[in-house]
Protein chains: 2
Amino acid sequence: MQISELARRAGVPVATVKYYLREGLLPPGELTGATRARYGEEHLSRLGLVRALLGPGGLSVATARAVLDAVDTPATSVHQALGAAHRALPGVGPDAPADLDQARALLRRQGWQVAEDSPALRALAGALEALRAAGSPPSEELLDRYAEAAGRIGEQDVAAVPTGSLADAVRFVVVNTVLLEPVLLALRRLAQEDASRRRFPGDR
Amino acid sequence: MQISELARRAGVPVATVKYYLREGLLPPGELTGATRARYGEEHLSRLGLVRALLGPGGLSVATARAVLDAVDTPATSVHQALGAAHRALPGVGPDAPADLDQARALLRRQGWQVAEDSPALRALAGALEALRAAGSPPSEELLDRYAEAAGRIGEQDVAAVPTGSLADAVRFVVVNTVLLEPVLLALRRLAQEDASRRRFPGDR
DNA sequence: CCTGGTTGGATAGTGTTGCTACCCAATGTT
DNA sequence: AACATTGGGTAGCAACACTATCCAACCAGG
C-alpha cells in the first residue's frame with residue numbers, strides 16, 4: 001500500500017498523513033526506493049488511533065506523540081504502562097503549585113494509595129482549587145460520592161485489561177484511558193438530564 | 001474599583017481584562033466619565049469564574065461566552081438552565097452524524113429518558129464511534145458499569161443544587177457541570193492507579 | 001525508451017485562537 | 001501645570017494543526 005491508498009482508506013488527506021509522519025505520530029513506511037515506501041495494515045490501524053486521539057480524544061499533537069511513545073515503548077508491566085500513559089497526558093498546567101491537602105484527605109478517606117508525585121493527584125488539586133476560586137467549593141460529601149463512583153470505574157477499567165499479550169494490554173490501557181473520557185463525560189451529562197427531569201417533573 | 005485594581009486583585013493582566021470586556025465575557029463597568037469606569041465585587045467574582053472556565057474548565061472563549069449567556073439569561077427553572085448549559089457546551093464536532101443506536105440502547109437499559117436531540121446523546125454516540133474506529137469497541141458490560149457510576153454522579157449533581165434562589169441555582173449548575181469534569185477525570189485516573197496497584201502487587 | 005503521473009521529502013503559507021502591546025485623547029491626581 | 005491612568009481601538013504575536021507547493025526521483029503503460 002502506498003501513501004495515497006493509506007490516506008484514502010483512512011479518509012485523511014495525503015498532506016495530513018505526511019504531517020503525521022513528520023511529527024512522528026506514524027512510523028515511516030518501508031522504503032522501496034528513493035521516492036517510494038510501502039505501508040501495511042498496521043499503519044492503517046495506527047492512523048485510526050492517531051485520528052481518534054487527536055479528534056474525539058482531544059489531545060494535542062505533542063501530547064498524542066507522548067502517549068503513543070508510551071504505547072510503543074516495550075513495557076515490563078501493565079501497571080507501568082498505565083503510569084507512563086498518565087504521565088504523558090496533560091495534567092494541570094506546569095504552574096499552579098496547588099495545595100494537595102484536600103486531595104490527599106480525599107484519597108485517605110477512600111483508602112487509595114497512589115504515587116506521591118502522581119500527575120492525577122496534582123490535576124485533582126488544581127481542579128479543586130479552580131472550584132474554590134470560582135466560588136463553588138465542593139462539599140466533602142460530594143467529593144466522596146464522586147470518588148466512590150470513580151472508584152467503580154477505575155476498578156472496571158483495570159478489570160477489563162486483556163491479560164494475554166502485554167503489548168495488547170498496553171494499547172488497550174492507553175486507548176481506553178483517553179477515549180473513555182468523553183464517554184464518561186457524556187454519560188454524566190445524560191445522567192444529569194435524566195435526574196433533573198425526575199426531580200423537576202413536568203418542567204419542560 | 002478601577003480596572004487596574006480589578007486586574008490586580010484577580011491576578012490577571014489589565015490587557016486581558018480589556019480583552020474579556022471586548023469579548024463580552026465580563027459586563028462593562030459603570031461609566032463615571034469618558035475615560036473612567038467603576039467595577040464592583042461582582043466583576044471580581046465574575047472574572048474568577050471566567051478564568052476558571054477558560055483555564056481548568058478547558059473552554060474556549062466562544063464556548064465560555066455561550067455558557068455565561070446561559071448563566072445570565074433569567075431561567076424559569078433549574079431543569080431549563082441545565083439544558084441551556086448543556087447546549088452551550090461543546091458536544092462532538094458539527095460533523096459526525098454518528099449512529100445513535102448503541103447509545104440509545106444503553107439509555108434504555110438504564111431507564112434514562114432524555115430529549116431526542118440532547119447534545120450529550122450525540123456526544124456519546126460520537127465517542128463510541130471513535131472507540132470503534134480506534135479498534136477498541138467497548139463491551140456492553142463496561143458501558144453499563146460506566147453508566148451506573150455516571151448515574152450516581154448525575155444524581156448527586158442534581159441533589160446538590162441549592163433550592164433557594166433560582167439565579168444561584170443556575171450559576172451552581174453551570175459551574176459544577178463544567179468544573180467538576182476535570183475533578184471526575186482526575187479521580188478516575190487516581191482510581192485506576194490504585195486499582196492497578198492492587199491488581200498487580202509488587203509491581204513498581 | 002518516452003511520457004505522464006505519483007512519491008518522499010522539504011519548505012512555506014493559512015486560518016484560528018488567546019492573548020499582548022501600543023496608541024490616543026480624555027481625564028484624574030497632585 | 002505636570003504626570004499617570006483610563007477607556008477604547010487597532011495591530012501584532014506565538015502556538016497550533018494543518019494545507020499547498022515544489023522538486024527530483026522514480027515507476028508503469030504504451
Side-chain angles (χ1 to χ4, degrees), chain A residues 1-40 43-44 47-68 89-90 93-95 130, chain B residues 1-40 43-44 47-68 89-90 93-95 130:
Chain A
M1 179 170 26
Q2 304 202 133
I3 199 173
S4 54
E5 188 183 346
L6 175 64
R8 194 178 39 72
R9 283 225 269 157
V12 174
V14 171
T16 304
V17 175
K18 285 183 171 185
Y19 171 64
Y20 294 158
L21 286 166
R22 275 199 305 279
E23 292 295 323
L25 302 182
L26 210 52
E30 183 197 349
L31 283 175
T32 64
T35 67
R36 216 61 33 154
R38 194 162 33 210
Y39 302 89
H43 286 94
L44 186 59
L47 186 47
L49 175 57
V50 168
R51 291 295 277 191
L53 294 181
L54 293 183
L59 301 189
S60 70
V61 167
T63 304
R65 182 170 40 227
V67 167
L68 290 169
L89 288 170
D95 42 349
Chain B
M1 177 172 23
Q2 305 202 132
I3 199 173
S4 54
E5 188 183 347
L6 174 64
R8 193 178 38 72
R9 283 226 269 158
V12 174
V14 171
T16 303
V17 174
K18 285 183 171 185
Y19 171 65
Y20 294 157
L21 286 166
R22 275 199 305 280
E23 292 295 324
L25 302 182
L26 211 52
E30 183 196 349
L31 285 175
T32 64
T35 66
R36 216 64 29 156
R38 194 163 32 209
Y39 303 89
H43 286 94
L44 186 58
L47 187 48
L49 175 57
V50 168
R51 292 293 278 189
L53 294 181
L54 293 183
L59 301 189
S60 69
V61 168
T63 304
R65 182 171 38 227
V67 167
L68 290 169
L89 288 170
D95 42 351

Give one of base, sugar-phosphate or nothing for A:Ala34, where a contact means two heavy atoms less than 4.0 Å apart. sugar-phosphate
Look at all strands and tell whether A:Thr63 reaches a base, only sugar-phosphate, or nothing, counting heavy atoms closer than 4.0 Å.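 Nothing, no heavy atom under 4.0 Å.
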So which one's nearest nucleotide on DNA chain C is more toward 5', A:Pro28 or B:Leu59? A:Pro28
Given B:Leu59 and B:Leu89, is the side chain to side chain contact (heavy atoms under 4.5 Å, CB included) satisfied, shown in steps? CA-CA 8 Å; B:Leu59 301 189; B:Leu89 288 170; 3.9 Å; yes
May I have the distance from [X] (atom [atom1]) to [N] (atom [atom2]), rounded to whole angstrom?
X	N	atom1	atom2	result
B:Met1	C:dG28	CE	P	18 Å
A:Lys18	D:dC18	NZ	P	16 Å
B:Arg38	C:dT27	CZ	C1'	15 Å
A:Glu23	D:dT19	CD	P	14 Å
B:Leu21	D:dG7	CG	C1'	10 Å
A:Tyr20	D:dT19	OH	C1'	12 Å
A:Leu54	D:dT19	CG	P	12 Å
B:Arg36	C:dT27	CZ	C1'	5 Å

Using the closest heavy atom to pick a nucleotide of DNA chain D for each, name whichever of A:Gly33 or B:Ile3 lands nearer the 5' end.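 With A:Gly33 and B:Ile3 compared, the 5'-side residue is B:Ile3.
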If you check the [X] side chain, which of [options] turns out closest?
X	options	value
B:Gln2	D:dT19, D:dG9, D:dT6	D:dT6
A:Thr16	C:dT7, D:dG7, D:dT19	D:dT19
A:Val61	D:dA17, D:dA20, C:dT7	D:dA17
A:Leu31	D:dA17, D:dT6, C:dG9	C:dG9
B:Pro13	D:dC26, C:dA25, C:dT20	C:dT20

Test log, rule side chain to side chain contact (heavy atoms under 4.5 Å, CB included), inputs A:Leu53 and A:Leu68: CA-CA 10 Å; A:Leu53 294 181; A:Leu68 290 169; 3.9 Å; yes
Does A:Arg22 get its side chain close enough to the base of D:dT19, under 3.5 Å, for a donor-acceptor pair?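 Yes, a donor-acceptor pair under 3.5 Å.
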Are any non-hydrogen side-chain atoms of [X] and [Y] less than 4.5 angstrom apart?
X	Y	result
B:Thr16	B:Arg51	yes
A:Met1	A:Arg38	no
B:Leu21	B:Ile3	yes

